[in-house]
Protein chains: 2
Amino acid sequence: MTGPEIAVDRSSPVPLYFQVAEQFAAAIQRGDLAPGDRLDSELQLADRLGLSRPTVRQAIQHLVDKGLIVRRRGVGTQVVRGEVRRAVELTSLHDDLVRAGQRPSTSVLELATVACPPAVAAALGLPPGGEVQHLRRLRFSDGEPLALMENWLPVDLPRLTMAALQADGLYAILRAGGRRIRGAHQRIGARAATAAEAQMLGERRGAPLLTMTRTAYDDQGRYVEHGAHIYRASRYSLEVTVAER
Amino acid sequence: MTGPEIAVDRSSPVPLYFQVAEQFAAAIQRGDLAPGDRLDSELQLADRLGLSRPTVRQAIQHLVDKGLIVRRRGVGTQVVRGEVRRAVELTSLHDDLVRAGQRPSTSVLELATVACPPAVAAALGLPPGGEVQHLRRLRFSDGEPLALMENWLPVDLPRLTMAALQADGLYAILRAGGRRIRGAHQRIGARAATAAEAQMLGERRGAPLLTMTRTAYDDQGRYVEHGAHIYRASRYSLEVTVAER
DNA sequence: GTCAATGTGTTGTCATGACATCTGCCCTCT
DNA sequence: AGAGGGCAGATGTCATGACAACACATTGAC
């Protein structure tokens, strides 16, 4: 077995292990590597690609984390059987919709600086009594209401503008502002729609909603955003992939 | 800064990087390392612990993946601000409840070998027309109904017994049977309870339910279990931690 | 006084080498 | 024919060394 054709470009700024991981992921997605197929051994791959074994291992580990392949000591590496789905990465709803080929639009209901509610201060790790930016948006997909999103951000962040919020997702704006988001803690639940929520989302009162609260931190470990989102359960669900290390 | 006292035991079968990661995680949980605190640099740590830098890096990467700390190139490593929550790992509901100090109990509603529904065959990657083990359970926590769980497993797996299912979680039984589960794809959503579901869960018809379908694969990349679970949204929610890289 | 260049410390990437441990298979002995 | 040992091959772990990229503080020139 020689596996798919993979070539690395040493002059590229993209790390070698990442190039390898991406090409393997693409080969799996394409079907060049079918579910159950064995990959070459790490030593064979290292030899064939002209890379060291740690680099190859790093690439493969990346794919294991994404739930694409499985390794067994003493045996080898195989592609996971069955169709592969994309895991929820650290993306915003806006980006997810664009990737799925839909056309998101956003209506900004509120954008103001307000006194920070105690629960938000606790979530963001801020001292009580301060101020935060408060944001309420209604997100549409292909013209249909999909989600009602409420967010709080520290005031020392770059100020948000209506125009930017209507064109892009919140995370894209923050990233463009030099704020690199590195992780988030999320809680996912469900509850019934209130009358006001139902009216805005085009559901009936009491309709099931998917709820998610998320607190995201940046590369300094500082909490950057706290959000409470509700989604129409009839039109949206979340995907998560878990892999053991 | 010298950081918390950490010592490794080279005679232990536990990998060194794992020992280091666990002790740092414990120090963070204890509060010895406060949110925002800087860790020693990788070189300092390697020197202090008598380990190589790759080993220290592996330990730290583990903590980054768990969302406990953040690294910044050229700057250093910091503990994530704010309280830390445990991520949903690859555990069953049963184990989660035990860890939370509650007393789960299980009532097995159905345990039989049935013709495999097409949707399940697709999820498990089985040829259509075969047979599968089918399982329906009602899970209680401290005597209160919490979740209705329906699972399908290939027939070539070890046969399940009523007694085992009432005492332990499904994953614990599979692991004890030598089946190592390595990862899972999950989809999380919400919907309204049917009359029958509401009656079993002690909710009203139309009450919001949190739904999760999960397909788990073992160390050979074979799908081992497909489950469709519904939870009382009023009593249960899921936690997920996402970290980049 | 301001701004650019430099220096230092950190994490990111990659290579090489070695040994440990596990699995599955073949082979041999009983 | 069956059980057991040994062997080959795979991943898991760990060490050492080196350079690159980046952030931040300091120094120097203008």
Side-chain angles (χ1 to χ4, degrees), chain A residues 1 3 8-22 24 37-65 69-79 178-180 182 218-222 243-245, chain B residues 1 3 8-22 24 37-65 69-79 178-180 182 218-222 243-245:
Chain A
M1 135 134 26
V8 294
D9 174 10
R10 297 197 90 99
S11 69
S12 160
V14 177
L16 299 179
Y17 78 89
F18 196 78
Q19 294 184 34
V20 174
E22 277 200 319
F24 267 113
D37 275 1
R38 291 262 307 259
L39 270 65
D40 287 345
S41 79
E42 297 175 352
L43 288 173
Q44 288 173 321
L45 279 173
D47 187 58
R48 208 176 87 210
L49 301 175
L51 298 172
S52 71
R53 195 181 150 213
T55 302
V56 171
R57 269 186 74 79
Q58 199 176 358
I60 292 180
Q61 184 60 50
H62 206 83
L63 299 174
V64 171
D65 291 340
I69 61 178
V70 179
R71 282 198 282 195
R72 264 197 309 164
R73 167 189 246 176
V75 179
T77 306
Q78 281 180 301
V79 178
R179 213 59 186 220
R180 272 174 300 188
R182 292 299 268 272
D218 68 0
D219 52 10
Q220 295 178 45
R222 289 185 307 193
E244 249 183 17
R245 293 190 65 107
Chain B
M1 134 138 24
V8 295
D9 174 10
R10 296 195 91 98
S11 69
S12 161
V14 178
L16 299 177
Y17 77 90
F18 197 78
Q19 294 184 34
V20 174
E22 277 200 320
F24 267 113
D37 275 1
R38 290 263 305 260
L39 271 64
D40 288 344
S41 79
E42 298 176 351
L43 288 174
Q44 287 173 320
L45 279 173
D47 187 54
R48 208 176 86 212
L49 302 175
L51 298 172
S52 71
R53 195 180 153 215
T55 301
V56 171
R57 267 185 75 76
Q58 198 176 358
I60 293 180
Q61 183 60 50
H62 206 83
L63 299 174
V64 171
D65 291 339
I69 60 178
V70 179
R71 282 196 282 194
R72 264 199 309 165
R73 166 187 248 175
V75 179
T77 305
Q78 279 180 302
V79 179
R179 216 57 186 217
R180 271 172 300 191
R182 293 297 272 271
D218 67 1
D219 53 10
Q220 296 180 45
R222 290 184 305 192
E244 245 184 17
R245 276 300 141 99

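All heavy atoms count here, side chains included; hydrogens, waters and symmetry mates do not. In what follows, chains carry the letters A, B, and so on, assigned in the order in which the sequence lines appear, proteins first and then strands, with residues in each chain numbered from 1.
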Rounded to the Å, how far apart are [X] [atom1] and [N] [atom2]?
{"X": "B:Arg10", "N": "C:dC19", "atom1": "CZ", "atom2": "C1'", "value": "13 Å"}
{"X": "B:Tyr17", "N": "D:dG12", "atom1": "OH", "atom2": "P", "value": "9 Å"}
{"X": "B:Leu63", "N": "C:dT11", "atom1": "CG", "atom2": "C1'", "value": "16 Å"}
{"X": "B:Leu16", "N": "D:dG12", "atom1": "CG", "atom2": "P", "value": "16 Å"}
{"X": "B:Leu45", "N": "C:dT11", "atom1": "CG", "atom2": "P", "value": "8 Å"}
{"X": "B:Gln58", "N": "C:dT13", "atom1": "CD", "atom2": "C1'", "value": "15 Å"}
{"X": "A:Arg38", "N": "C:dT23", "atom1": "CZ", "atom2": "P", "value": "14 Å"}
{"X": "A:Glu42", "N": "C:dT16", "atom1": "CD", "atom2": "C1'", "value": "15 Å"}

Looking at A:Val14, is its backbone amide N or carbonyl O close enough to the side chain of A:Gln19 to form a donor-acceptor pair, meaning the two atoms are under 3.5 Å apart? yes

May I ask you to decide if A:Val75's main-chain N or O and A:Arg38's side chain share a donor-acceptor pair within less than 3.5 Å? yes

Any [X] side-chain heavy atom under 4.5 Å of [Y] side chain:
{"X": "B:Phe24", "Y": "B:Thr77", "answer": "no"}
{"X": "B:Glu22", "Y": "B:His62", "answer": "no"}
{"X": "A:Ile60", "Y": "A:Ile69", "answer": "yes"}

Helical stems, DNA chain D - three or more consecutive Watson-Crick or G-U wobble pairs below 3.5 Å: C:1-30 with D:1-30

Among the nucleotides D:dT11, C:dT10, C:dC14, whichever has the atom closest to the side chain of A:Ser41 is D:dT11

Nearest to the side chain of A:Ser52, heavy atoms from C-beta on, is which of C:dA15, D:dA10, D:dT11? C:dA15

Working to the nearest 0.5 Å, report the span between [atom1] of [X] and [atom2] of [Y].
{"X": "B:Arg57", "Y": "B:Leu43", "atom1": "CZ", "atom2": "CG", "answer": "10.5 Å"}
{"X": "B:Gln61", "Y": "B:Leu63", "atom1": "CD", "atom2": "CG", "answer": "9.0 Å"}
{"X": "A:Leu39", "Y": "A:Arg71", "atom1": "CG", "atom2": "CZ", "answer": "10.0 Å"}

Do any side-chain nitrogens or oxygens of [X] fall under 4.0 Å of OP1 or OP2 in [N]?
{"X": "B:Arg71", "N": "C:dT10", "result": "no"}
{"X": "B:Thr55", "N": "D:dT13", "result": "no"}
{"X": "B:Thr77", "N": "C:dT10", "result": "no"}

I would like to know whether A:Leu49 and A:Leu16 meet side chain to side chain contact (heavy atoms under 4.5 Å, CB included); could you show each step before the answer? CA-CA 10 Å; A:Leu49 301 175; A:Leu16 299 179; over 6 Å; no

How would nucleotides 17-25 of chain D be written as a contact map, 5' to 3', with B for base contact, S for sugar-phosphate-only contact and - for no contact, using protein heavy atoms under 4.0 Å? -B--BBSS-

Earlier contact from the 5' end, DNA chain C, for B:Leu43 and A:Gly50: B:Leu43

